[in-house]
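What follows is a short report on a single structure.
In the text below, chain A, chain B and the rest are named by the order of the sequence lines, each starting its count at 1.
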Number of protein chains: 2
Amino acid sequence: MGYADGKAVALLWGGRGAPRRGPKPTLTLADISAAGIAVADAEGVAAVTMQRVAESLGVTKMALYRYVPGKSELVALMTDAAIGEPPELTGDGWRPRLAEWARRMFAEFWRHPWALETTIGPRVMGPNELSWLDAAIAALDGTGLDGADAMDAAVTIVGHIRMVAQQGVASPADNAEQAMDAAMVELLRGHEADFPALTAALESASRSGKQGRAFEFGLDRILDGIAHLVGTRG
Amino acid sequence: MGYADGKAVALLWGGRGAPRRGPKPTLTLADISAAGIAVADAEGVAAVTMQRVAESLGVTKMALYRYVPGKSELVALMTDAAIGEPPELTGDGWRPRLAEWARRMFAEFWRHPWALETTIGPRVMGPNELSWLDAAIAALDGTGLDGADAMDAAVTIVGHIRMVAQQGVASPADNAEQAMDAAMVELLRGHEADFPALTAALESASRSGKQGRAFEFGLDRILDGIAHLVGTRG
DNA sequence: AAGAACTGTGTCCCTTGGATACAGATTACT
DNA sequence: AGTAATCTGTATCCAAGGGACACAGTTCTT
């Protein structure tokens, strides 16, 4: 693996190129990818096996290997397809645009939580993933930040998006943070003395049903920090 | 799985409780965990199999099941042990303390990159992981931030730490960011028109060998943002 | 002394990713 | 048109990994 896996790059960036002889393929990469995404959305990425995906397409396991060199490439394909293309940003000014970008990206990870697992570690990035990054950098045009600053700012925001998306996974979508707090309180029972600050924080943090608080909180902090930098650079 | 897996909780939080009869166990949970960590550090978490860990301990695979109910619990154990206990923070004031905390935590993830994979998704948190969280919250004592604010601030910082740690994995440790940039430039070759902002940013971002720039950049932004909030709350 | 409880092990089974070989379909070339 | 090249889907086989289960040996309790 690593940043440059030839087969993965070819598949993600070049497709397969229609064959010139032989029978018509019954499937397309898009079909296979969509089938894999459906399985992953429903049962997690661990449930995505060649067998399972093949069944849901009505072919045998080995048929998939005519389209995809191996499972890791299939997962890479699924991941880029699931992330999708970045949206047009409509806000006025860098801050609303970047905020919108962040909320959209968060929504994607929320919809496909398994993508958090498949985008960790060194990997080949697909066109969609790079397009999202490009869109974030573009939103910072005209702020006076240089290329490295813009890249690092985008990376910081993505980190926050991913972190918050993780927390909510596998909780009823409307009270993820409360569920997490409750689980912590449960764990702390009997060990309160060992975690005094955390215990106190959890007691005072009776989050009043405000969904997405953690996300907006961190996003505001980061954007405030970027605004501060933009002010000094300007 | 989920936040409350009884067996995992018992193992992580209660240990095994010495048996009162029968032969002395040859191993301890700490031995097993350490062996697993050694394998994961050297060859990644994918190389951690029951077989492999057992071999490095000089026992058979099935012997491990006397200590650990299954592989997932072993990985949870390894993870909490690898993270270790949080350090004493020596800085003066919340900001230097939180910055030190962040750098220490980053160092742990850097040392055990596989822990990024094993701490994703819903899981049972171990005592060490909660201790780190407790330490971050404690660093924010006296800032006027309430419990929920402090928790969310900590979460935001952890997100950044994890994101940057991810990028550098599997690159020669002294130029991780440059390696990533180079890989992107390679991917963009021939598609520059589709990613104009990103292309421009990469061109201008001749990061002058400054290791860890991305980490310190984002950390500064987030801390600036928190400082801004502390100012308004105070 | 004797039974209870615990440890380490050998054997077996199921699932998964993947290699290989093969039969039928389709197209290009003569 | 006829044939050869090429492509598709499939059946069969293998190795690795997680885990269940039964068994023999060991040590503590009564």
Query raised in the report: Does a salt bridge link A:Glu108 with A:Arg111, judged by any charged N lying under 4.0 Å from a carboxylate O?
Result: yes
Report task. Take A:Glu186 and A:Arg189, measure what salt bridge (charged side-chain N to carboxylate O under 4.0 Å, His left out) needs, and give me the verdict at the end. Result -> CA-CA 5 Å; A:Glu186 191 67 28; A:Arg189 199 179 306 284; 3.2 Å; yes
Requested in this report: Please confirm whether any donor atom in the side chain of A:Lys61 sits under 3.5 Å from an acceptor in the base of C:dG17, or the reverse.
Outcome: yes
Report task. For B:Asp31 and B:Thr28, test the side chains for any donor-to-acceptor distance below 3.5 angstrom and give the result as yes or no. Result -> yes
Requested in this report: Please confirm whether the backbone N or O of A:Phe217 pairs with a side-chain atom of B:Asp152, one donor and one acceptor, at under 3.5 Å?
Outcome: no
Query raised in the report: Do any pairs count as a side-chain hydrogen bond (donor to acceptor under 3.5 Å, both in side chains) and have a residue in residues 49-63 of chain B, sequence neighbours left out, and if so which ones?
Result: B:Glu43-B:Arg52, B:Gln51-B:Glu55
Requested in this report: Can you tell me the distance, in whole Å, between the OH atom of A:Tyr65 and the P atom of D:dT12?
Outcome: 18 Å
Query raised in the report: Given A:Leu77, which of A:Ile32, A:Ile37, A:Leu29 fulfils the side-chain contact (heavy atoms from CB on, under 4.5 Å) condition?
Result: A:Leu29
**Report entry** Nearest non-hydrogen partners of A:Leu219 and A:Ala102, listed with the distance
**Finding:** CD1-CB, 3.9 Å
Requested in this report: Send over the distance from A:Met62 CE to C:dG17 P, rounded to a whole Å.
Outcome: 11 Å
**Report entry** Length of the line joining A:Leu64:CG and C:dG18:P, which is rounded to integer Å
**Finding:** 11 Å
Report summary line: With sugar-phosphate taken as primed atoms, P, OP1 and OP2 and all else as base, the protein-contact string of nucleotides 23-30 of chain D at under 4.0 Å (heavy atoms; B, S, -) is B-BBBBS-
Query raised in the report: At what distance, to the nearest 0.5 angstrom, does CD of A:Gln166 lie from CD1 of B:Ile120?
Result: 4.5 Å
Report summary line: Rounded to whole Å, CG of B:Leu57 lies from C1' of C:dT9 at a distance of 15 Å
Query raised in the report: So which of residues 40-53 of chain A are in contact with DNA chain D, with a heavy-atom cut-off of under 4.0 Å?
Result: none
Report task. Could you pick out which residue, B:Pro69 or A:Ala63, lies toward the 5' side of DNA chain D when each is mapped onto its nearest nucleotide? Result -> A:Ala63
Report summary line: In whole angstroms, the gap separating P of D:dC7 from OH of A:Tyr67 amounts to 13 Å
